[in-house]
Novice: 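Structure provided below as structure tokens; questions to follow.
Fair warning: this is a prediction, and the values are worked out from it, not measured in the lab. Each chain gets a letter, A, B and so on, in the order its sequence line appears, and its residues count up from 1.
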There are 2 protein chains.
Amino acid sequence: MHTSEALALSAALLAAAGDLTRRINDGVVARGFEGRPSYGFAFTRLARGGATVTELGVHLGVTKQAASQLVDELVRKGYVERLPHPGDARARLIVLTERGRECTRAAEEAAAEAVRAWADVLGEEQLGALRAQLTRIAPSGPIRPVW
Amino acid sequence: MHTSEALALSAALLAAAGDLTRRINDGVVARGFEGRPSYGFAFTRLARGGATVTELGVHLGVTKQAASQLVDELVRKGYVERLPHPGDARARLIVLTERGRECTRAAEEAAAEAVRAWADVLGEEQLGALRAQLTRIAPSGPIRPVW
DNA sequence: CTCTATGGTCAAGCTGCTTGACCATGTTGT
DNA sequence: ACAACATGGTCAAGCAGCTTGACCATAGAG
């Protein structure tokens with residue numbers, strides 16, 4: 001691969017990620033929820049038993065302060081709630097509310113819909129390959145734009 | 001592909017894009033240039049004969065005002081200059097300076113280096129396939145984070 | 001030779017993040 | 001037991017990078 005193509009690959013990657021993220025967010029909004037794209041990524045972390053603010057920040061690649069602000073927002077919209085953490089009185093356990101779980105499902109549906117559009121272009125096999133390649137490439141990259 | 005995997009695909013895509021973008025930027029900085037990741041994407045547009053501010057904005061997926069601010073920054077750092085546009089007295093042609101071309105080469109080298117790391121994991125063939133898949137998927141997605 | 005569209009800039013404002021300070025609680029070492 | 005330090009969380013202030021809105025100069029169409 002030539003040097004000039006490397007930058008093009010980066011651009012294509014960014015374009016694809018941006019396209020997918022936008023589609024998902026549009027789909028979630030169309031289903032009657034209000035939210036930013038980062039909600040979805042927060043939800044995936046919270047879905048399994050909740051998380052602390054700090055853990056959420058690590059998952060999203062932002063400071064705990066930023067994560068705390070996001071949680072404020074999610075609480076205000078009724079998607080999550082802060083519970084006392086069992087076993088650590090300093091911490092709070094952030095968990096999804098019923099409405100939060102509904103929104104999570106909406107995000108998953110929207111994501112599936114967006115990916116289906118890609119499957120129409122690439123075919124199931126290529127799409128599976130794409131997913132496999134991506135997970136091998138960046139197993140632990142930050143789930144956020146570095147722009 | 002199941003619904004839950006669709007969100008995972010999106011996350012993997014974002015992670016890969018973020019990882020690559022960060023590596024490129026680090027590489028550019030390590031070569032003695034100061035810049036943000038978006039510089040590289042601006043450079044690729046300017047590299048072939050220059051562009052107007054408005055065109056640059058379209059390419060980056062931002063308003064012309066934001067593009068103009070970016071150009072201000074690039075001018076300040078000596079990477080580009082604003083020339084009168086031949087054939088349209090309203091417009092200005094933004095072109096790379098010699099220093100700008102050096103920085104562009106640095107970005108390309110850094111990108112190639114980052115992609116080489118991926119080639120070590122995936123192999124050249126899979127990497128080419130990845131590139132092909134991505135360009136088919138999001139031919140005209142915005143080169144910017146939708147977050 | 002108006003009338004409207006387009007390229008560009010200036011100015012103000014906002015959103016989402018950061019850094020720094022601080023408090024409460026947990027953990028470790030002596 | 002308790003001092004010393006580490007960690008989870010919040011509050012506050014600041015800032016980068018974007019947006020919208022207004023405006024001017026020039027272009028192009030009728």
Side-chain angles (χ1 to χ4, degrees), chain A residues 14 18 21-22 25 29 34-43 45-46 49-77 79-95 142-147, chain B residues 14 18 21-22 25 29 34-43 45-46 49-77 79-95 142-147:
Chain A
L14 224 35
T21 306
R22 186 184 46 74
N25 196 53
V29 170
E34 50 174 353
R36 303 188 267 140
S38 59
Y39 287 11
F41 300 111
F43 289 166
R45 181 65 185 79
L46 298 177
T52 66
V53 163
T54 298
E55 286 165 353
L56 192 54
V58 170
H59 179 247
L60 295 176
V62 298
T63 60
K64 58 183 181 177
Q65 291 92 326
S68 186
Q69 288 172 12
L70 178 63
V71 169
D72 285 343
E73 209 177 310
L74 292 172
V75 168
R76 222 178 302 127
K77 293 186 177 160
Y79 294 145
V80 309
E81 53 185 343
R82 291 185 223 247
L83 301 182
H85 195 289
D88 190 340
R90 295 171 304 176
R92 306 210 202 175
L93 192 62
I94 316 298
V95 296
I143 319 285
R144 61 179 303 226
V146 182
W147 176 246
Chain B
L14 222 37
T21 306
R22 184 184 48 74
N25 196 55
V29 171
E34 50 173 351
R36 304 188 267 141
S38 58
Y39 287 10
F41 299 111
F43 290 164
R45 181 65 186 79
L46 298 176
T52 65
V53 163
T54 298
E55 287 166 350
L56 192 55
V58 169
H59 179 247
L60 295 177
V62 299
T63 59
K64 58 184 180 178
Q65 291 92 328
S68 186
Q69 289 172 11
L70 178 62
V71 170
D72 285 342
E73 209 176 309
L74 292 172
V75 168
R76 222 177 304 126
K77 293 186 178 161
Y79 294 144
V80 309
E81 54 186 341
R82 290 185 224 250
L83 301 181
H85 194 289
D88 189 341
R90 295 171 303 175
R92 306 208 202 176
L93 193 61
I94 315 298
V95 298
I143 319 284
R144 61 180 304 230
V146 182
W147 180 244

Novice: From CZ of A:Phe41 over to P of C:dC17, roughly how many Å is that when rounded to an integer?
Specialist: 13 Å

Novice: OP1, OP2 of C:dT18 versus side-chain N and O of A:Thr63: anything below 4.0 Å?
Specialist: yes

Novice: Provide the closest heavy-atom pair for B:Val53 versus B:Arg82 in the form atom of the first, atom of the second, distance.
Specialist: CG2-NH1, 4.1 Å

Novice: Could you state the atom-to-atom distance from CG of B:Asn25 to C1' of D:dA16 in whole Å?
Specialist: 15 Å

Novice: Separation of B:Leu74 atom CG from D:dA16 atom P, in whole Å?
Specialist: 16 Å

Novice: Under the side-chain hydrogen bond (donor to acceptor under 3.5 Å, both in side chains) rule, what do A:Glu73 and A:Tyr79 come out as? Steps first, then yes or no, please.
Specialist: CA-CA 9 Å; A:Glu73 209 177 310; A:Tyr79 294 145; over 6 Å; no

Novice: Just by protein heavy atoms under 4.0 Å, how would nucleotides 2-8 of chain D read 5' to 3' in B, S and -?
Specialist: ----BBB

Novice: Taking all heavy atoms of B:Val62 and all of B:Ala67, pick out the closest pair and write down the distance.
Specialist: CG2-N, 4.0 Å

Novice: Side chain of A:Ala66 only, please: which of C:dT9, C:dC17, D:dG17 is the nearest?
Specialist: C:dC17

Novice: Are the side chains of A:Glu34 and A:Val29 in touch, meaning some heavy atoms are under 4.5 Å apart?
Specialist: no

Novice: Might you point out which heavy atoms bring A:Arg36 and A:Asn25 nearest each other, and give the distance in Å?
Specialist: C-OD1, 3.5 Å

Novice: Nearest-Å distance, NE2 (B:His85) to C1' (D:dA25)?
Specialist: 16 Å

Novice: Heavy atoms from C-beta onward define the side chain here; which of C:dG16, D:dG17, D:dC18 lies closest to that of B:Val62?
Specialist: D:dC18

Novice: Let me spell it out: for each of B:Glu55 and A:Glu73, pick the nucleotide of DNA chain C with the closest heavy atom. Which residue's pick is nearer the 5' end?
Specialist: B:Glu55

Novice: If I take atom CG in residue A:Leu56 and atom P in nucleotide C:dG16, what distance separates them, rounded to the nearest angstrom?
Specialist: 15 Å

Novice: Holding to side chain to side chain contact (heavy atoms under 4.5 Å, CB included), I want the full list of residues that pass it with B:Glu81, two or more places apart in sequence or in another chain.
Specialist: B:Leu83, B:Val95, B:Thr97

Novice: Heavy atoms only: give me the nearest B:Thr52-B:Ala91 pair and the separation to one decimal.
Specialist: CG2-CB, 4.2 Å

Novice: Closest heavy-atom contact between A:Ala51 and A:Arg45?
Specialist: CB-NH1, 3.8 Å

Novice: Just the rounded figure in Å: distance from P of D:dG9 to CD1 of A:Ile94.
Specialist: 7 Å

Novice: When we call it a touch if two heavy atoms are under 4.0 Å apart, what does A:Ser68 touch: a base, just sugar-phosphate, or nothing?
Specialist: sugar-phosphate

Novice: Check the interface with nucleotides 11-15 of chain D: list each N/O to N/O pair with the protein under 3.5 Å, or write none.
Specialist:
none

Novice: Determine the minimum heavy-atom distance between A:Leu70 and A:Ser38, stating which atoms define it.
Specialist: CD1-OG, 4.0 Å

Novice: Using OP1 and OP2 only, check whether a side-chain N or O of B:Arg82 sits under 4.0 Å from C:dT9.
Specialist: yes

